[in-house]
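Here, residue 1 is the first one in the sequence, and each next residue gets the next number.
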Amino acid sequence: MDNKAQMMVLETTLFAAIILITLIFLYQLSPSSISVDKYTNDLKIMGDDALHTIYNDIPPSTFQGYTSHRLTHYFIINDYSGLSRDLNTLLPQTVLFNIYISNGTKTVFWCNSFGENDAEDKLPYSNPITISHYAISIHPDYLTGFSNEFYFDISESELVNKFNGYEGCTYDILLEMWYK
């Protein structure tokens with residue numbers, strides 16, 4: 001009887017040791033979440049800085065009463081390639097992105113890293129992704145009713161079509177980014 005008890009204690013101890021070694025081994029194999037968070041946090045900061053920098057830059061042509069912020073200018077005149085070019089200049093070359101614009105109730109795709117703006121041009125992302133936001137204000141009068149000279153041969157901003165019936169003036173820019 002004494003040998004049976006010793007054998008059960010030995011088996012239990014051995015089983016616990018095997019479980020403990022297995023857990024330690026699995027823990028060593030799992031990727032570190034700290035490194036992923038560090039990269040996404042760095043990318044978020046770079047995205048926020050890029051949007052802020054573009055917003056505070058003066059557009060190439062300004063008219064009296066017209067916005068003097070480059071980021072807003074890009075959305076008014078539908079300059080997808082200019083916005084993508086500026087972001088590609090300010091972000092690392094290893095970053096791809098999709099840009100969305102939202103009015104709070106509806107979010108639509110605007111363009112990707114290559115300045116392409118059709119819905120099917122949305123780039124597929126790879127994890128992890130990070131999203132930077134920047135709120136802009138565009139008075140509805142800036143979206144329609146200007147001469148062709150003002151709009152560089154377009155009759156109205158795409159925002160009118162994408163947010164049909166929206167009479168507000170606040171939009172949220174969403175910059176969805178990830179590493180190649």
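Proximity of the aromatic rings of Y80 and Y74 is defined here by a centroid distance below 6.0 angstrom, and this criterion is not met. Between F75 and W110, a ring centre-to-centre spacing shorter than 6.0 Å is recorded. For Y125 and Y179, the ring centers are positioned 6.0 Å apart or more.
In this structure, the side chain of N88 engages the main chain of S113 through a donor-acceptor pair within 3.5 Å. Listed for the K122 side chain is no donor-acceptor partner under 3.5 Å among the backbone atoms of I99. In this structure a side-chain-to-backbone donor-acceptor pair under 3.5 Å is missing from D172 to S102. Of the possible donor and acceptor atoms, none in the side chain of D49 sits under 3.5 Å from a partner among the backbone N and O of M46. Proximity of a side-chain donor or acceptor of H69 to a complementary backbone N or O of Y55 within less than 3.5 Å is detected. A side-chain donor-acceptor contact under 3.5 Å links N112 to the backbone of G115. In this structure, K162 contributes its side chain and F109 its backbone to a donor-acceptor pair below 3.5 Å.
Y171 and Y166 have perpendicular rings, their planes meeting at more than 60° on a 0 to 90° scale where under 30° would count as parallel.
Criterion: ILVMFWY side-chain heavy atoms under 4.5 Å apart, direct or through other members. Under it, V108 and I173 are part of a common hydrophobic cluster. Hydrophobic clustering, with ILVMFWY side chains joined whenever heavy atoms are under 4.5 angstrom apart, groups V95 together with Y134. One hydrophobic cluster, built from ILVMFWY side chains closer than 4.5 Å, cannot hold both F97 and Y100; they sit in different ones. Hydrophobic cluster membership is shared by L51 and I138, with clusters built from Ile, Leu, Val, Met, Phe, Trp and Tyr side chains linked at under 4.5 angstrom. Hydrophobic clustering (side-chain heavy atoms under 4.5 Å, transitive across Ile, Leu, Val, Met, Phe, Trp, Tyr) keeps M177 apart from F114.
In this model, a donor atom of one side chain and an acceptor atom of the other lie less than 3.5 Å apart for N103 and T105. N56 and H52 are linked by a side-chain donor-acceptor pair at a separation below 3.5 angstrom, with hydrogens and angles left out of the test.
Only one option out of T53, D57, D79 pairs with R70 in a side-chain hydrogen bond (donor to acceptor under 3.5 Å, both in side chains); it is D57.
Using a 4.5 Å cut-off on side-chain heavy atoms (C-beta onward), L175 and L87 make contact.
Closest of all the heavy-atom pairs between I129 and E176 is CD1-OE2, 3.9 Å.
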